[in-house]
Number of protein chains: 2
Amino acid sequence: MNKLPLLLALLLAFGARAEDGYRLWLRYDRIANTRLLQEYRNTIVSFQLDAGSPVLTAAREELLAGLDGLLDRHTDQTPAATGPIPEGCLAIGTPVSSAAIRDLHLEQRLAGLGKEGYIIASVTDKGHHGIAIAANTDIGILYGVFHFLRLLQTQQDIRQLDIVSAPANRYRLLDHWDNLNRSVERGYAGISIWNWHALPLYLDRRYTDYARANASIGINGTVLNNVNANAILLTKEWLIKVAALANVFRPYGIKVYLSVKFSSPMELGGLKTADPLDPAVQQWWKQKADEIYSYIPDFGGFLVKANSEGQPGPQNYGRTHVEGANMLADALAPHAGIVMWRAFVYSETTEDRAKQAYDEFRPLDGKFRDNVLLQVKNGPIDFQPREPFSPLFGAMPGTPLMMEFQLTQEYLGQGTHLVYLAPLFAECLDADTYAKGKGSTVNRIVNGTLQGYSLPGGPTGMAAVSNIGNDRNWCGHPFAQANWYAFGRLAWGSANATHPLSPAQIADEWVRQTFTNDPAFVDTVTEMMLSSREITVDYMTPMGLHHIMGYGHHYGPAPWFDKGSRADWNPVYYHRADSAGIGFDRTAAGSNALSQYAPEAARQWEDPSTCPEQWLLWFHHVSWTQRLSSGKTLWDELCYKYYNGVYSVSRMQTTWKAMSKYIDPERWNQVRMLLAIQVNEAVWWRNACLLYFQTFSKMPIPAEYERPDHDLDYYEGLKFPYAPGNGAR
Amino acid sequence: MNKLPLLLALLLAFGARAEDGYRLWLRYDRIANTRLLQEYRNTIVSFQLDAGSPVLTAAREELLAGLDGLLDRHTDQTPAATGPIPEGCLAIGTPVSSAAIRDLHLEQRLAGLGKEGYIIASVTDKGHHGIAIAANTDIGILYGVFHFLRLLQTQQDIRQLDIVSAPANRYRLLDHWDNLNRSVERGYAGISIWNWHALPLYLDRRYTDYARANASIGINGTVLNNVNANAILLTKEWLIKVAALANVFRPYGIKVYLSVKFSSPMELGGLKTADPLDPAVQQWWKQKADEIYSYIPDFGGFLVKANSEGQPGPQNYGRTHVEGANMLADALAPHAGIVMWRAFVYSETTEDRAKQAYDEFRPLDGKFRDNVLLQVKNGPIDFQPREPFSPLFGAMPGTPLMMEFQLTQEYLGQGTHLVYLAPLFAECLDADTYAKGKGSTVNRIVNGTLQGYSLPGGPTGMAAVSNIGNDRNWCGHPFAQANWYAFGRLAWGSANATHPLSPAQIADEWVRQTFTNDPAFVDTVTEMMLSSREITVDYMTPMGLHHIMGYGHHYGPAPWFDKGSRADWNPVYYHRADSAGIGFDRTAAGSNALSQYAPEAARQWEDPSTCPEQWLLWFHHVSWTQRLSSGKTLWDELCYKYYNGVYSVSRMQTTWKAMSKYIDPERWNQVRMLLAIQVNEAVWWRNACLLYFQTFSKMPIPAEYERPDHDLDYYEGLKFPYAPGNGAR
């Protein structure tokens, strides 16, 4: 029996209020730097915030909680009065809600900031120094307050502030794959936080804290239920529960959306068909939309997974995705609701799965209603550790494309691996589609600037599949919180070609707010986070390999698996290892998926000798003995990648061990244990994959590496009947 | 939109460390009574506790956390030295671990206290005043420390202590009905706290805090998994996970037990039979037991649900419960493990379900091995709001009977009703079976004193089906924690005829530790708790009605339900309402279940005109127009009970509203919302039951009561496909 866990358990059990991670990045603990604390106390003497609306009340309460905690002192609200603001005053409000803001005459600066932008600026008013947080709307004020608190939490200099911020993406959503029985498809952090059974009367505190956390990073919408949707949620009894959540979220600028099942008119309405061209079906949806808006006047709209993985859709009736989406869009249009129609479709054909969404949707470009967004996963397959961008980005200039990322780590170590996903998101957003020549980045397609439908008002957005559950710390792994945070910060968007904040900046912010501002910790841990995704690629799916995970639950490696009822549900479909080599030939000689990209984009990948090695096996079937840029054979390079991945996780473990003195023992120990699992599982991935691929390459694992400690039979024999997140329990 | 929830939500969201209920009754907040705080500080100056074992380390850490928090001051450990203890010293230890305790010569007083008892006594040692916490073993010390901290938390006078305590029941267990996919059968507080997937490497802090909470109330064992057991848990991979939990629990005196599936030798061992008389089967279980003990040297034993509700058992092979239980007992005996064999059996026969366990087990009395306990539910049916005691109590003098209570409120409002169960438990324990004449209480059968196999060493015990899940506050409803607490305190037991502590005393203790010592709150809330179970009986199943809940999920009323595939799965089986009257005739004219009780016990129930009205419809079919002691007809009395139940819940709501000033807003608001649900559901119960029974009685609801706001069709049409806790998802 290992003594360390016991002693740690004893150590951690006590202390009446241990750090449990519930507070996320909104901890508001006293500023540890005493010099800075004094400076902040001197700069922030009082505030003015006239809470004339629920949103402003939320902003004031947040400000008070933040200042009380961070400054460890109560900050008084000074009554609004005519004349200059008092020295050291935080003047907060819109030109409508605040006389002080009105007097600062910020109209011109506010003009371009739309409904959600804000200004945070140091101001001098008749010799008095203060800070203004101004916006055109109350929700802009809330965002500004959260930004201001972030400045304090990350210990920024607030003496000369001049911050202007406005979102570049209009819809910034979390997609919950939560079922009505509270199971979460691909959820690894407990069950759904929506306690449907006790709604509408019982409002869990989590609902408010969820809204606070989202608002703090600019998320303004949430799809409450799984895209594999249950029609029952559209019945009155359940809509009243949805409305109760919407009431909690409203003061935080968060709208509620629902995933809907296309066959609902049959299941609920007793109709004989769900044909989108049938007038009775159209009428049913119109009435249903009217009913929803009667409960939730600011309801956001529908997310739809149709004719995908068994879900019903317009094709069941010989209709197109356009006809299906537009019918729903027409029902929502009178209420300004939107339809987010998912492009994640693939059928049982002999065509390369990677090509199918493009083949199916590109011909539909320009045919959707104005209030339809096509929601496209970042890559053409399914949230793999690394994929090239989906070829739909750039291929549908007449259709708003909404990004769909995945925060829950379905294919990236699930609940137990430390993988910071911002580099994955940034890699996709920064990728150049060459749709309109160089600089046609995915980011410019998502934010609409490439097509000219950018904000204000343009139908642009990003969604991410949530990694939130009812675990005490929301996300299970303490570092999984960083992915929620990073998504919000990136979804806010920029009007530029590339994403607004670097993964390093986001990690820095998150670490400071979540753990400590101690630079020794911040620098080390940020660096560890930044390398973590590439490390995961190395020990799971290096060099363009993909989808070689366990069947169904997607837990662990199973490159050998070939028993799925469809070819494209089998890992062997994706890696195509044989005696000649490994990889999926997507050149003209193969599936020619490359042809779906603009020629300049395709060019970087089409020649195996110049294709960057990170994409090599995605696009090419390569001989085991092919020499790569390193001088190694493909087989030896593959071995190197897998062994290096494992080695790098061990290094993360070593790094983390040295961090114990900087933070609370609870979360330090949690991450320590999780890294031990990650190391074990990285070894498992490495051994299982290399032993299996070796049956084709017939080449030895280079002598400098340790031998796998089990044989292939052992790995193939492992079974995980209760792996979490698998299907709709 | 109701403004109150919004304002409260805003109010509650802030304050960096809100009260979330996680700390249970071990909060250790600073003593609010300043006079008492000073007295405690004066009395407790230092302590001596030589932590030479993991158990003593746990005791010391708990003591430190408790004293640091309660006294808001660090209390120093003074090194053990020869000579008298210092003034104000807490001397803690066994005569082996502590020289100070040795010097106090407590051997005689300790002699009768066994392995788990302890003494807490004010002592004077050569003129120095101190307090001794002494025991024969380290675990006795841990129990003594928890008791001492409870004295402080409940603000008792500690100036003249002379406390001696030892348990009267040997096995004090929680039974978790937790499945391996983390769903919990009849769980209403989230999912299982056992994160099997991440075990053995990831040890959730909850495991330690679970052990602390249990040890603080004397619980010394836990059955980790559902009685509807999964054989896979007995494989090596899973036993290693079990062992990891056992390692966390060991320093807290808590042993691990498992529910086992009788067919395991076939499912895991590949045998063709699980016949308990087959030598290969016997051998398989012996080897399996040996294997378990190789991982967990102090493993507790097996809990078995056999030939009950579809579970396999010895009867599948024409063998008896005795043959099945003894086979497992023989496998465990070399390791001192026990078998807890459940008496909860009933088959599809025409015989009254209430009679079947007795009929089946009574003939087996005296035939079980010494390490078998028969685990009997408190009543003959299934954890109803009120049942008479099971007739097995008193009927099997040659067999140790272990009590099985249920903490999770399967039939008592599930996750949303405030029902304090100690009165239910006490009612059963205090009931007189007359097995050996007057005074032969259930308590004396459970604690073995009636049969002479009492402690030390006697096979006596109490188990309770856990109400714990991964909700932040463990139990969902803040007051559900009280049932966990009460069970532990009652299970400790007394050698007397009746239970050791009154429900009022336990509620008082729990309220003081969990909320506040303010007498205005303690007195009011304790009284509310004490009446809550009777109120629930009134609005659910008054006057002896039982099992008229919704089919399957058991949520809400469904007295009309008659579609279950077995007669005894239908509410109509139990209430037997017809035009003549209502109730189950269990007299000699009916099923004659009364004959299973001792004549003196049966006598109190057999005459409907003298049978206490709380049991009336359990034992008798009574005419709607029968006049009762109140002068009312049965129908009018039934109406009175249902209406009075609803009225009383409204009173609880009023009471609670006035309590807001005494406690934290978070838990106050939580209970406020839950009581609103309870009121609604009480009305639902009342209306649905009375409208349905009225179809038989044809009598009006008395004019003084408000009319039901829906008709019977409405109530019969309600569906709850996602009601929680239903079956093994």
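Remark: A/E267 engages A/K261 in a salt bridge (Lys or Arg N to Asp or Glu O under 4.0 Å) (not counting sequence neighbours). By the side chain to side chain donor-acceptor pair (under 3.5 Å) test, B/R30 is found to be paired with B/D72, residues two or more places apart in sequence or in another chain being considered.
For the pair A/A18 and B/R205, the tightest heavy-atom approach, listed with the atom from each and the gap, is CB-NH1, 3.2 Å.
When heavy atoms are compared at a cutoff of 4.5 Å, B/I232 approaches chain A solely by way of its side chain, counted from C-beta outward. With a threshold of 4.5 angstrom between heavy atoms, A/Y207 does not approach chain B through any atom at all. Interface remark: B/D68 contributes no atoms to any contact with chain A (heavy atom separation under 4.5 Å).
Per-residue heavy-atom pair counts under 4.5 Å with chain B were compared for A/Y555, A/Y188, A/Y202, and the maximum is reached by A/Y202. Chain A forms the most heavy-atom pairs under 4.5 Å with one residue out of B/N230, B/T416, B/I677, B/D204, and that residue is B/I677.
To the nearest 0.5 Å, atom CD of residue B/E237 and atom CZ of residue A/F720 are 6.0 Å apart. Here CG of A/L675 is found 11.5 Å from CG of B/L201. Values are rounded to the nearest 0.5 Å. To the nearest 0.5 angstrom, B/N195 atom CG is 7.5 Å from A/D471 atom CG. The NZ atom of A/K719 sits 13.0 Å away from atom OG1 of B/T235, with the distance rounded to the nearest 0.5 Å. Summarising the geometry, atom CZ belonging to B/R472 is positioned 10.5 Å from atom CG belonging to A/N470; distances are rounded to the nearest 0.5 Å.
You'll find the side chain of B/L203 stays beyond 4.5 Å of the side chain of A/N669, heavy atoms only.
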Carefully, step by step, assess B/W238 and A/Y722 under the rule side chain to side chain contact (heavy atoms under 4.5 Å, CB included). CA-CA 11 Å; B/W238 288 79; A/Y722 304 106; 3.8 Å; yes
